[in-house]
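All values below were derived from every heavy atom in this structure, side-chain atoms included, with hydrogens, water molecules and symmetry-related copies excluded. Throughout, a chain's letter reflects where its sequence line sits, starting with A, and its residues are numbered from 1.
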Number of protein chains: 2
Amino acid sequence: MRMSREDAAKNRDRVVRTASRMFREDGYDGIGIAALMKAAGLTNGAFYKQFDSKEALIAEATAFGLAENAKAWEKVLEDAGDDPLQALAEWYLSDIHMAHRGKGCTYATLASEAPRHDDDLRAAFDEGLHKSLSILSESAEVDQGAAIRHLSRLIGAITLARAVKDPALAATILDANRASPAEGGSD
Amino acid sequence: MRMSREDAAKNRDRVVRTASRMFREDGYDGIGIAALMKAAGLTNGAFYKQFDSKEALIAEATAFGLAENAKAWEKVLEDAGDDPLQALAEWYLSDIHMAHRGKGCTYATLASEAPRHDDDLRAAFDEGLHKSLSILSESAEVDQGAAIRHLSRLIGAITLARAVKDPALAATILDANRASPAEGGSD
DNA sequence: CCCTTTAAATTATAGTCATAATCCTAATGT
DNA sequence: ACATTAGGATTATGACTATAATTTAAAGGG
C-alpha cells in the first residue's frame, strides 16, 4: 500500500528515531532490521526502499542521536548558573540518565562500537564531537582542552557506573565525578 | 579424540584467552561460538563440554581481560617516576593502545555492553574495578575519588579517540588528556 | 481519468546464530 | 587389561540474520 510522500517521510523519520534509541539500548549488533522495523510499526520489506543497508541506517541514526544529545547539552548549559561544567556533570551523571540508555548519551553507549564500522559512521562521530566541544567551550567559557577532558571524564564515568553490578559502587563512581573538578587540582 | 586433563585444561584456557581478545575486538555480539572456537584451534562441538553457555564465557573472558589489564597497570605504575598518574596516562593514551583493541583496556572496549548482560559479567566488572582502583590509589598515592576520576577520563578519552574518523581529531583528544591534569585546575 | 511510479507487505534466500545430540577415541580409574 | 568416562569432531536443530524479488495498491503526474 503506497503512502503519500508526506507519510513516507514520516515513516522514514520514525525508523531513524527508533533505530537511534534501539541501537543505544541494544548495540548495533543487538537489534536486527526486522525487529527494528516492527518497533517502528512497519515490516522489513519497507526497509530497503528507504535505506541502502543497515550500515547506512547505523550512520544516520547515530548522527541523529548525536545531534539530539547536543541540543540537550545546549539547553542544560543555557540554564546553568555560575558553574556550567558542574551543572552539566550533575545533569549528565544523574540517576535518570543512568537508567535510560536509549534516550541518553550516544557517545557513552555506541562510541566503543564505532571502530568496527565504516567511515560514514565514524565521520558522524567527528561532526558530533566538533559540535559538542564548541557548545561546551563556548557556554562554559573554557578552552578546548578542558572541554575535551570534561567530556571524556563524563563519558567514562557513566560507562563504568552502568557496567558494574553493585549500585553502591555505581554511586561511588558517579559521586566522585560529580565532585567539583577544581577541588584539589589533583585530578 | 579425548585429550589428557592437562591438554583439555590448556584448550579451555586458550578459549578464554582467545575470547577475551576477540570480544574486545568485535564486541560480545560480534563474534560467534563457532568462529571463536575455530580461532582457538577447536570446533564448536567442544565448546559446551567446557562452558555452560556463551554468556558464561563472556563473564569468564571479561574477568580474565580485566585481571590482565590490572597487571599491566601495576607494572606501568611501578616503573613510573615522580608522576605516576601522568606516566599511566601517557602509556594508556599511546598509539599502540589505540591500535590494538584486542590486547587493550577491557573497560574501554566492553564496559558499555555490560548493562545488557547478566549479573556474573557485571560482578566481574565490580571486582575488576575494585582492583584497578586500589592499584591506582596505592601506587599513585591519591585518594579513591581522584583515582576514579583519572580512570574515567582515560577510558572516555580512548573511546572517543577510537570512534572518530579524522586522525587529527583523535590526536587532539589524546593530547588534551595527556596534558598534566593539574595544569590549570580548570579540569 | 488513466498511466506510471513507488511505499509497503509478503515471501524468498542463503547465511549465521546458540545450543545440543551423536559418535569416536583415547585417557583415566580400577 | 578392561570398563568407564569424557574431550573433541561431526552433524543437526530451529531461530534469527541482512538482503532482495515479487506483489499489492494507492499516490502522483499527465
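Ion pair K10(A)/D13(A) not flagged as a salt bridge, since none of the NZ, NE, NH1 or NH2 atoms sits closer than 4.0 Å to an Asp/Glu carboxylate oxygen. One finds no salt bridge joining K131(B) and E127(B) here, because no Lys/Arg side-chain nitrogen approaches an Asp/Glu carboxylate oxygen to under 4.0 Å. Checked for salt-bridge contact, K75(A) and E78(A) miss the test: no charged N lies under 4.0 Å from a carboxylate O. Comment: E68(B) does not engage K71(B) in a salt bridge, judged by the lack of any side-chain N to carboxylate O separation of less than 4.0 angstrom.
Taking atom NZ on K49(B) and atom P on dA6(D), their separation rounds to 10 Å, with Å as the unit. Going from atom CE of M37(B) over to atom P of dA20(C) covers 15 Å, rounded to whole Å. Per the geometry, CG belonging to D7(B) stands 14 Å off C1' belonging to dT28(C), to the nearest Å. Rounded to whole Å, atom P of dT6(C) lies 18 Å from atom CD of E6(A). dA18(C) atom P lies 9 Å from atom CG of D29(B), rounded to whole Å. Atom pair D13(A):CG and dA7(C):P shows a separation of 16 Å (rounding to whole Å applied). The NZ atom of K10(A) sits 17 Å away from the C1' atom of dA8(C) (whole-angstrom rounding).
Within a 6.0 Å radius of CD in E55(A), more than 12 heavy atoms belonging to other residues, nucleotides or ligands are found. Other residues, nucleotides and ligands contribute only 12 or fewer heavy atoms inside 6.0 Å of the CG atom of D52(B).
When atom types are taken as modelled, the side chain of R24(A) and the backbone of T106(A) share no donor-acceptor pair closer than 3.5 angstrom.
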Protein heavy-atom contacts under 4.0 Å, written 5' to 3' over nucleotides 11-19 of chain D as B (base), S (sugar-phosphate only) or - (none), form the string B-----SSB
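Residue T43(A) has its side chain nearest to dT10(C) when only dA9(D), dT10(C), dA7(C) are considered. Out of dG7(D), dA9(D), dA7(C), the shortest distance to the side chain of N11(A) is found at dA7(C).
The heavy-atom pair separating A40(B) from T18(B) by the smallest distance is CB-OG1, 3.8 Å. Across all their heavy atoms, R116(B) and E25(A) have their closest contact at CD-O, 3.1 Å.
Residue-level contact check: S4(A) touches the backbone only, with heavy atoms under 4.0 Å from sugar-phosphate atoms and none from bases.
Stems are defined here as 3 or more consecutive Watson-Crick or G-U wobble pairs with pairing distances under 3.5 Å; those involving DNA chain C are C:4-17 with D:14-27, C:19-30 with D:1-12.
At a cut-off of 3.5 angstrom, the base of dA27(D) holds at least one donor-acceptor pair with the side chain of R2(A).
For dG29(C), the OP1/OP2 oxygens have a side-chain nitrogen or oxygen of R5(B) closer than 4.0 Å. Put simply, Q50(A) has a side-chain N or O that comes within less than 4.0 Å of OP1 or OP2 on dA8(C).
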